[in-house]
> 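Could you have a look at this structure, given as structure tokens, before my questions?
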Protein chains: 2
Amino acid sequence: MAKQNTKAAILAAARKLFVKYGYAATSISMIETLAKVNHSLIFHHFGNKQKLWIAVKQDIVLQTKATQQALPSHDQPLPIFIKKLFHNHMLFYRENPDIVSMINWQRVDARDELDIGITHSKEVKAWLTAIKHYQETEEINPKLKPEFIMTMIVSLISAAALDPNIFIKSKTAQNAYMNFCAKSIIKICSN
Amino acid sequence: MAKQNTKAAILAAARKLFVKYGYAATSISMIETLAKVNHSLIFHHFGNKQKLWIAVKQDIVLQTKATQQALPSHDQPLPIFIKKLFHNHMLFYRENPDIVSMINWQRVDARDELDIGITHSKEVKAWLTAIKHYQETEEINPKLKPEFIMTMIVSLISAAALDPNIFIKSKTAQNAYMNFCAKSIIKICSN
DNA sequence: TTTTTTATTGACCAATCAGTCAACAATATG
DNA sequence: CATATTGTTGACTGATTGGTCAATAAAAAA
């Protein structure tokens, strides 16, 4: 197996396993079996388990950034903006289940530094800018706190996409629910 | 050390460690060290690691249920009902950080059966009953799907209480946000 | 008091853990 | 071509994992 192939195979296998079982419950031997490579190659290519974990996270983040939808432009009417917002994000999470899983791992991993997720991205600032813009045009009630509106939206999307306990399971029902959320946010924002 | 003391010490130590590090990253030796008991006693009292994990979960649930009184009665006006709903749940999660941690562990644990959290409790049925009741009195728009309203409420509370990435950190700000959520839900529910 | 049940101990187990190392093969570079 | 770098292998390590077991101590039941 050529250099690139081996390293890629290890990364792919590690990603699958880490995403599913987390750091502690994934062993090097599990990775070596899935990747079908020699045990030592993992250490040769990635140093140690911890560094491999970080490499996997970076891999996910990188792939994520490529597929990440931009925030809908806010030169369109508020209802359309909000609907697109919900729709785009739901789509994004659906297409990137690995990042969903990683965000959930971050929630619990005491060992880990945070660096994945909406919350800590530059996106947040763009969202606030957009909301403030609509408050200037008075499509959003200027009395409402932009941070609160943003948190609500993020919470609703995250719960729907990230929480495996969510009641609403089927895709179509979830779409209908997202639509309901969008309409609700619009109503909340109105004067 | 007497019987009761030993078993309780093991359970307490295991609870601390499982809550913090999860199942896989907590070892028997860690528990034995923290509890200051002999290695074999853990197996004598709990059988194996998996059973100890289940015992810890049951312990958390048991201790939790005593303080649980989340759902307000629905013979009061809707706005009061909703506000209490948010307030009670926020309080509940704040007073039970262990259950918060366990819910988050359940999210990621592939090995685990779900049995903690709002979603899977009998509470859900009570919530739906309450919402339907308010739809009969037309305080809630009867056209809205009760499941959607409920999911929204659960999502907002859960995100605020469970997600360590939440923007709103301070207690007072969180209270204000919960208040904002309550008002928003009331607005959504209105005809 | 005697007997039975339960608690506690420490020695022991195979399996697995992450990681190293020296030897060798393949490839890149000069 | 020769040399240097990188990739690959398998054998090996000490530490740790969850778990067993027989012997003994303590407590409960008879």
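Chain letters run A, B, ... following the sequence lines, proteins first, then strands; residues in each count from 1.
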> When the ring planes of A/Tyr134 and A/Phe81 are compared, do they come out parallel, tilted or perpendicular, using 30° and 60° as the limits?
tilted
> Using distance alone, with no hydrogens and no angle criterion, decide if B/Gln76 and B/Lys84 have a side-chain donor and acceptor under 3.5 Å apart.
yes
> For A/Glu139 and A/Pro77, indicate whether the former's side chain and the latter's backbone hold a donor-acceptor pair under 3.5 Å.
no
> Ignoring hydrogens and geometry, is there a side-chain-to-backbone donor-acceptor pair from B/Ser184 to A/Ile188 under 3.5 Å?
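Here the side-chain-to-backbone pair does not exist.
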> Can any side-chain N or O of B/Ser155 pair as donor or acceptor with the backbone N or O of A/Ser155 at less than 3.5 Å?
no
> For the pair made of CD1 in A/Ile42 and C1' in C/dA18, what is the distance, rounded to whole Å?
10 Å
> Atom CD of B/Glu32 to atom C1' of C/dA11: distance rounded to whole Å?
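Between C1' of C/dA11 and CD of B/Glu32: 14 Å.
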> Round to the nearest Å and state the distance from B/His44 atom NE2 to D/dA25 atom P.
16 Å
> When the distance from CG of B/Leu41 to C1' of D/dT20 is rounded to whole Å, what number comes out?
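Rounded to the whole Å, the gap is 14 Å.
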> If you measure from CG on A/Asn104 to CG on B/Asn104, what distance do you get to the nearest 0.5 Å?
8.0 Å
> Indicate for each nucleotide in nucleotides 11-19 of chain D, in 5' to 3' sequence, whether protein heavy atoms under 4.0 Å reach the base (B), only the sugar-phosphate (S), or nothing (-).
B-----SSB
> Between B/Ser190 and B/Lys187, is there a donor-acceptor pair closer than 3.5 Å when you use the side chain of the first and the backbone of the second?
yes
> Roughly, in whole Å, what's the span from CG in A/Asn5 to C1' in D/dG7?
12 Å
> Under a 4.0 Å heavy-atom cut-off, which of residues 10-22 of chain A touch DNA chain D?
none
